[in-house]
Undergrad: 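Please find one structure pasted underneath; my questions will follow.
All figures in this text were calculated on a predicted structure; none of them were measured in a lab. Just so we're on the same page: letters track the sequence lines, and every chain starts at 1.
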There are 2 protein chains.
Amino acid sequence: MVTIKDVAKQANVSIATVSRILNNQPGYTEKTRMKVQQVIEELGYKPNAVARSMISRNTQTIGVLFPDVSSMLSSEILRGIEDVAHQNNSSVIVCHTAEDGIRTHKYLKLLHEKRVDGLIFVSESLCEEYYETIKSMDIPLVLVSTMSYKHQVPYVKVDDCNAAYTAVNHLIENGHTRIGMISGNQHDLIAGRPRVEGFKEAMQHNGLQAGEDDVVYQDGFSFIDGKGGVVRLLEQSRNLTAIFAASDDIAIGAMSVLHKMGRKVPEDISIIGYDNLPTAEMMIPPLTTIAQPFSEMGANASEMIFHMLKDKVKSTQSRIMRHELVVRESVKKL
Amino acid sequence: MVTIKDVAKQANVSIATVSRILNNQPGYTEKTRMKVQQVIEELGYKPNAVARSMISRNTQTIGVLFPDVSSMLSSEILRGIEDVAHQNNSSVIVCHTAEDGIRTHKYLKLLHEKRVDGLIFVSESLCEEYYETIKSMDIPLVLVSTMSYKHQVPYVKVDDCNAAYTAVNHLIENGHTRIGMISGNQHDLIAGRPRVEGFKEAMQHNGLQAGEDDVVYQDGFSFIDGKGGVVRLLEQSRNLTAIFAASDDIAIGAMSVLHKMGRKVPEDISIIGYDNLPTAEMMIPPLTTIAQPFSEMGANASEMIFHMLKDKVKSTQSRIMRHELVVRESVKKL
DNA sequence: TTAAATCAAGTAAACGTTTACGTTGGATTA
DNA sequence: TAATCCAACGTAAACGTTTACTTGATTTAA
């Protein structure tokens with residue numbers, strides 16, 4: 001591998017001069033600059049970022065932790081993160097925690113040793129232990145699609161309660177009064193509960209009833225959960241004309257079994273989702289849903305990291321992203 | 001930031017001793033080991049991987065280039081790559097090339113400067129320029145879901161022609177004789193052409209006709225391409241009872257407009273896809289398709305990289321992955 | 001009892017940069 | 001003509017490790 005020394009020797013100058021040229025600082029004539037540039041081309045010299053990092057004490061690298069790298073949601077967020085990281089001449093290291101504590105800790109240790117400049121934590125609750133280890137790393141941290149009640153960590157997120165309200169309100173505006181909800185995990189204080197609250201609030205504000213029979217809690221937010229959820233919901237809550245699903249995957253799972261049961265969407269029953277994954281518009285019928293701007297959320301998180309890095313500030317303002325109602329064809333006007 | 005020096009000082013030993021303990025090499029008593037370990041805990045010392053990289057001349061990091069990080073396909077491959085990278089104590093840096101030459105070159109330069117140990121190139125044709133720059137980096141390179149006719153670069157891939165044959169054959173076995181195909185890009189020699197060839201071969205081997213009217217070429221492999229493709233196909237090719245789509249997204253796009261046209265899948269027309277994305281099983285009806293083992297492909301590529309790294313060998317055997325027919329409900333038996 | 005061997009531990013060079021500081025020599029000034 | 005200045009470099013230390021080599025004490029062998 002060719003080093004700055006080789007370039008210096010070949011060009012008959014000191015390494016300091018080469019370094020100055022590389023970082024275009026003053027201190028050399030145009031003639032020597034040309035000569036050095038030429039030698040660099042000839043030898044195919046590429047500065048060693050590792051050596052640079054030793055001195056500059058930064059690695060131009062940030063780490064991102066996902067519970068599941070391969071979910072549609074993660075990958076859009078990742079795209080946003082990567083995009084602005086790239087604009088800031090930084091790379092992103094992805095980590096797949098699989099929601100496993102041991103694994104997560106191993107990653108945190110690795111990222112610490114690699115001296116990443118910042119950390120983004122996606123869709124996973126920041127437990128005490130994680131927080132402490134990250135705090136000891138003393139680098140910017142931003143949360144995406146999650147937050148911490150206990151610690152003041154900047155996050156970017158939509159207002160789930162508000163977004164759920166929007167969804168349910170849309171159903172109501174279309175004349176629905178008997179509405180059920182298939183929720184995700186009841187104990188998920190970040191993405192689970194608030195959506196249920198939004199549902200209930202929308203109902204109450206419109207003078208409609210929403211009892212415990214009208215919402216069904218599943219383990220997660222997946223297709224399978226949707227399949228199971230709709231069966232349970234239909235059993236315990238009668239005469240429903242519309243369903244609010246806590247995720248698009250749930251909505252699609254529900255549509256799937258509704259179709260098997262011979263109940264048509266939206267003719268027999270309306271359904272609204274949450275997320276606006278690419279799949280939503282590909283459904284039959286295309287799914288009306290609440291859009292979360294995933295890639296923008298990732299981009300914002302990245303921006304926050306680089307802002308903290310540049311301004312050498314410990315924290316920054318959290319951002320509540322605007323959600324958006326995307327009307328398609330799964331909700332019928334009564 | 002606490003360094004090995006601080007630990008050494010605090011423990012009253014030399015940094016060499018600390019280093020030896022860290023890398024558990026011989027040369028110290030159990031007593032000093034204990035003492036040093038204790039100091040390490042106290043100070044919360046974490047070895048600096050950057051400094052290590054300077055000496056060991058490797059970064060425990062590989063780079064991965066995707067044309068589109070946020071596609072379902074990419075993210076599953078990424079999961080596989082990341083998983084075995086993690087097993088090998090390495091990190092992965094993701095790059096989103098957006099199929100842009102300038103951008104790709106910038107990434108390649110960045111990864112070179114960062115001295116990544118290896119490179120994985122996904123789903124994008126390795127043009128001459130890229131090949132040359134990567135060759136000059138002198139690190140292992142593996143291709144995924146693509147290959148190079150010109151250069152001997154190890155790749156992992158399914159046999160597209162063969163897989164397409166399997167798909168079409170399944171249609172034929174179910175009694176279909178009038179079969180059309182919606183292809184991706186005609187000029188894509190890696191994923192485009194071979195699937196068309198597989199289609200034609202299957203038809204011919206079964207004594208069926210497959211003229212140029214029976215296949216329609218789109219720009220890409222997306223939902224939109226499927227929508228446009230099915231319209232064109234239905235115009236130019238009459239009496240079709242089945243369609244082979246070159247990707248699941250195409251298949252789903254086709255299903256979408258077929259539904260609008262009032263033609264039921266599979267009652268009126270059968271359809272088979274290619275990829276087996278998560279969306280396939282969520283469709284109504286669930287899509288019969290050819291599965292590519294994406295995450296395994298990623299895992300294999302990673303393994304190949306680490307194999308080349310460990311055995312200090314310049315190349316390795318390419319791997320053709322087994323595709324699989326996944327029978328669901330979009331193909332009707334005639 | 002002594003030479004040889006073993007072992008714990010230290011010293012210092014090396015990895016490839018950046019940068020504070022020192023050194024030239026020619027141009028400008030007094 | 002000497003003093004001063006400045007641009008254009010060069011020198012060497014520093015970043016935090018690993019590791020070849022050295023040292024000195026202790027054990028072993030004869």
Undergrad: Distance check needed: C/dG10 P versus B/Lys9 NZ, whole Å only.
TA: 14 Å
Undergrad: Nearest to the side chain of B/Ala16, heavy atoms from C-beta on, is which of D/dT19, D/dC15, D/dC9?
TA: D/dT19
Undergrad: Assess whether one donor atom and one acceptor atom, taken from the side chain of A/Arg115 and the base of D/dG16, lie less than 3.5 Å apart.
TA: no
Undergrad: Using atom CG of A/Asn48 as one end and atom P of C/dT18 as the other, report the distance to the nearest whole Å.
TA: 10 Å
Undergrad: Take A/Lys5 and A/Val18, find for each the nucleotide of DNA chain C with the closest heavy atom, and name the residue whose nucleotide sits nearer the 5' end.
TA: A/Lys5
Undergrad: Hey, which sits more toward the 5' end of DNA chain D by its nearest nucleotide, A/Tyr28 or B/Val2?
TA: A/Tyr28
Undergrad: Pick base, sugar-phosphate or nothing for B/Pro26, based on heavy-atom distances below 4.0 Å to the nucleic acid.
TA: nothing
Undergrad: Reckon A/Asn23 has a side-chain N or O less than 4.0 Å from the OP1 or OP2 of C/dT18?
TA: yes
Undergrad: Using a distance-only test with no angle check, is there a side-chain donor-acceptor pair under 3.5 angstrom linking A/Asn48 and B/Lys114?
TA: no
Undergrad: Where the side chain of A/Val13 is concerned, which of D/dT18, C/dT19, D/dG10 is the nearest nucleotide?
TA: D/dG10
Undergrad: From the list D/dG10, C/dA9, D/dG16, which nucleotide is the closest neighbour of the side chain of B/Met54?
TA: D/dG16
Undergrad: Side chain of B/Ser14 only, please: which of C/dG16, C/dT11, D/dA12 is the nearest?
TA: C/dT11
Undergrad: Using the side-chain heavy atoms of B/Thr3, tell me which of these nucleotides is nearest: D/dT17, D/dA8, C/dG16.
TA: D/dT17
Undergrad: Can you list everything that forms a side chain to side chain donor-acceptor pair (under 3.5 Å) with A/Lys312? Sequence neighbours excluded, please.
TA: none
Undergrad: Looking for any heavy atom pair under 4.0 Å, which part of the strands does B/Arg57 touch: base, sugar-phosphate only, or nothing?
TA: sugar-phosphate
Undergrad: With heavy atoms under 4.0 Å as the rule, sort B/Ile15 into base, sugar-phosphate or nothing.
TA: base
Undergrad: Regarding A/Asp68 and A/Ser74, do their side chains bring together a donor and an acceptor under 3.5 Å, going by distance alone?
TA: no
Undergrad: Just call it for B/Asn12: base, sugar-phosphate, or nothing, with non-hydrogen atoms closer than 4.0 Å on any strand.
TA: sugar-phosphate
Undergrad: At under 4.0 Å between heavy atoms, what does A/Thr29 touch on the DNA or RNA strands: base, sugar-phosphate, or nothing?
TA: sugar-phosphate
Undergrad: Answer yes if the side chains of A/Gln37 and A/Glu41 hold a donor-acceptor pair under 3.5 Å, and no otherwise.
TA: no
Undergrad: How would you label the contact of B/Thr32 with the nucleic acid (heavy atoms, under 4.0 Å): base, sugar-phosphate, or nothing?
TA: sugar-phosphate
Undergrad: Looking at side-chain heavy atoms only, is the closest gap between A/His96 and A/Arg103 below 4.5 Å?
TA: yes
Undergrad: Please work out if B/Thr17 contacts a base, only the sugar-phosphate, or nothing of the nucleic acid, heavy-atom cut-off 4.0 Å.
TA: sugar-phosphate
